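This report concerns only the one structure given below.
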Number of protein chains: 2
Amino acid sequence: MARIVKAPEERRAEIVETADRLFRQYGYAKCSVEMIIREIGVAKGTFYYYFKSKPDILQAIVDKTLSQIVEMAKGVADEPSLTAMQKMEALLGNSHIGDDNSLEVAEMLHLPENRELHELTNIQTVLQLSPILAQIVEQGIGEGVFEVERPLETIQFLFTGAQFLTDGDMFGFSEAEIRKRRLVTQTIIEKALGAAPGSFDFMNPIRAVE
Amino acid sequence: MARIVKAPEERRAEIVETADRLFRQYGYAKCSVEMIIREIGVAKGTFYYYFKSKPDILQAIVDKTLSQIVEMAKGVADEPSLTAMQKMEALLGNSHIGDDNSLEVAEMLHLPENRELHELTNIQTVLQLSPILAQIVEQGIGEGVFEVERPLETIQFLFTGAQFLTDGDMFGFSEAEIRKRRLVTQTIIEKALGAAPGSFDFMNPIRAVE
DNA sequence: ACTGACTGACCGTCAGTCAGTCAAGTCAGT
DNA sequence: ACTGACTTGACTGACTGACGGTCAGTCAGT
């Protein structure tokens, strides 16, 4: 095949992006290295020139995705003009439907066939995002809207628990089920953070009657 | 090789037990069907006579392990002489260190190489155990020790969140870390269920000073 | 004679290897 | 400045070993 040489960073990025797309589409296990290189049009060796194994590129994808999310969250957390509650809404609200990938990422990550991607990202998300959220909670304590003793660990617990929302998708639960779960999640968050009931209403845009 | 015929249930159980042991020891992915059958001394075909695929036997192991746990929990939940709090202590307390496998299972399940077993069991545990716990919560509401609106979904959330305790093991967190996490877990459970502070003290046998 | 538990050679696929190719850059000699 | 030998490192693709899975056939018990 015609030999096309590219700048290493460009080639690496090309492989990561293609693998990312195919892993999400077909699932990690069902997507062979062969598929990835055929899609790009490079040889097997090129893949292993840049990545030492298949799990290795999975880790690279997770790192990349996560650093984007973390950066976004840091931007919000460090914004001095916002109150703690406003920051919570910005990060947890369903408002940001428009911004291309933050929602899509969450959705695709939870396709049933993506268990490897799913759990790896979940654990890392909890560990890396929690300190940022905890910082906002500290701010909220100062503002008198929250009351918790151990913000970091509390956030970690809540983050982990919130997975039961998304895990539900994997079993194809009904709309009503999901809505109930979202309401309960809101209630527990409010109780755990010592926030006023209803202060996290932005998580449940249209309150259902029952 | 010498042909040894056994009763189907016996052979099936033999394969499940061996696979269970080897999966826990080496991890699901790193343990080949070849290893399992060599250990037992049967042919490849025997394995596929009883199980239609490798994931299939994984499911069988999860089902077996889970049904043991569920049965135990049901036994406690249906005991008419116990209060709701006593049942909670029986199921969540660290008292049952002696009973051979409930703790060991939990420990081995959380080895890093056992992700497949880990997540499959986690999800199934949450789904199957939650109704039983929820029933106890209902009883507790009647006894005036709990106050929650949606016991089932609340328990599901708490169960999922409690994984952050065990997931911590995978990263080798320190004793102090684990203890902090356990305290926070207790606090959130009490708040979420509307139980009196300290009523779940059995989760943290020796209260640390700080 | 018949059933069904059991065998093991065989297949396709996949992750990973490696000896070698090729393009582009470097630089000494003219 | 130009040329051509030399070096570097991106890239190739045939190959290997191991794996999950199949199936035509064998044998023990009834």
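We name chains A, B, ... by the order of the sequence lines, and we start the count at 1 in each one. Everything numeric in this text was worked out from a predicted model, so none of it was measured. Just so it is clear, the values below take in all heavy atoms, side chains as well, and ignore hydrogens, waters and symmetry mates.
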Heavy atoms from other residues, nucleotides or ligands near CD of A:E149 exceed 12 (cutoff 6.0 Å): no
Checking N1-N3 plus N6-O4 or O6-N4 for Watson-Crick, or N1-O2 and O6-N3 for wobble, each under 3.5 Å, the partner of C:dT26 is D:dA5
If pairing means Watson-Crick or G-U wobble with both distances under 3.5 Å, then the partner of C:dC11 is D:dG20
Could you verify whether a donor N or O on one side chain and an acceptor N or O on the other, from A:Q139 and A:Q135, lie under 3.5 Å apart? no
Could you tell me the separation between the CD1 atom of A:I36 and the P atom of D:dT12, rounded to a whole number of Å? 15 Å
Have a look at B:F51 and say if it touches a base, only the backbone sugar-phosphate, or nothing, with a 4.0 Å heavy-atom cut-off. nothing
Taken to the nearest whole Å, CZ/B:R12 to C1'/C:dG4 is 16 Å
Starting at atom CD1 of A:I15, determine the distance to atom P of D:dT12, rounded to an integer number of angstrom. 9 Å
When you get a sec, tell me which of D:dC11, C:dC6, D:dG13 is the closest nucleotide to the side chain of A:K6? D:dC11
All N/O contacts under 3.5 Å from nucleotides 16-23 of chain C to the protein, with atom names and distances to one decimal?
residue : atom : partner : partner atom : Å
C:dG16  : OP2  : A:Y48   : OH           : 3.1
C:dG16  : OP2  : A:K54   : N            : 2.7
C:dG16  : N7   : A:K44   : NZ           : 3.1
C:dG16  : O6   : A:K44   : NZ           : 2.7
C:dT21  : O2   : A:R3    : NH1          : 3.2
C:dT21  : O2   : A:R3    : NH2          : 2.5

Under the criterion side-chain contact (heavy atoms from CB on, under 4.5 Å), I'd like the reasoning laid out for B:T18 against B:R21: C-alpha separation, chi angles, the key distance, then a yes or no. CA-CA 5 Å; B:T18 306; B:R21 184 163 43 84; 3.9 Å; yes
Would you indicate whether A:E177, at its atom CD, is surrounded by more than 12 heavy atoms from other residues, nucleotides or ligands within a distance under 6.0 Å? yes
Would you kindly give the CD1-to-P distance between A:I37 and C:dT13, to the nearest whole Å? 15 Å
Quick one: do A:E14 and A:R11 make a salt bridge, cutoff under 4.0 Å? yes
In whole angstroms, the gap separating P of D:dG20 from CZ of B:R38 amounts to 11 Å
Are B:F159 and B:F157 close enough that their ring centers fall under 6.0 Å? no
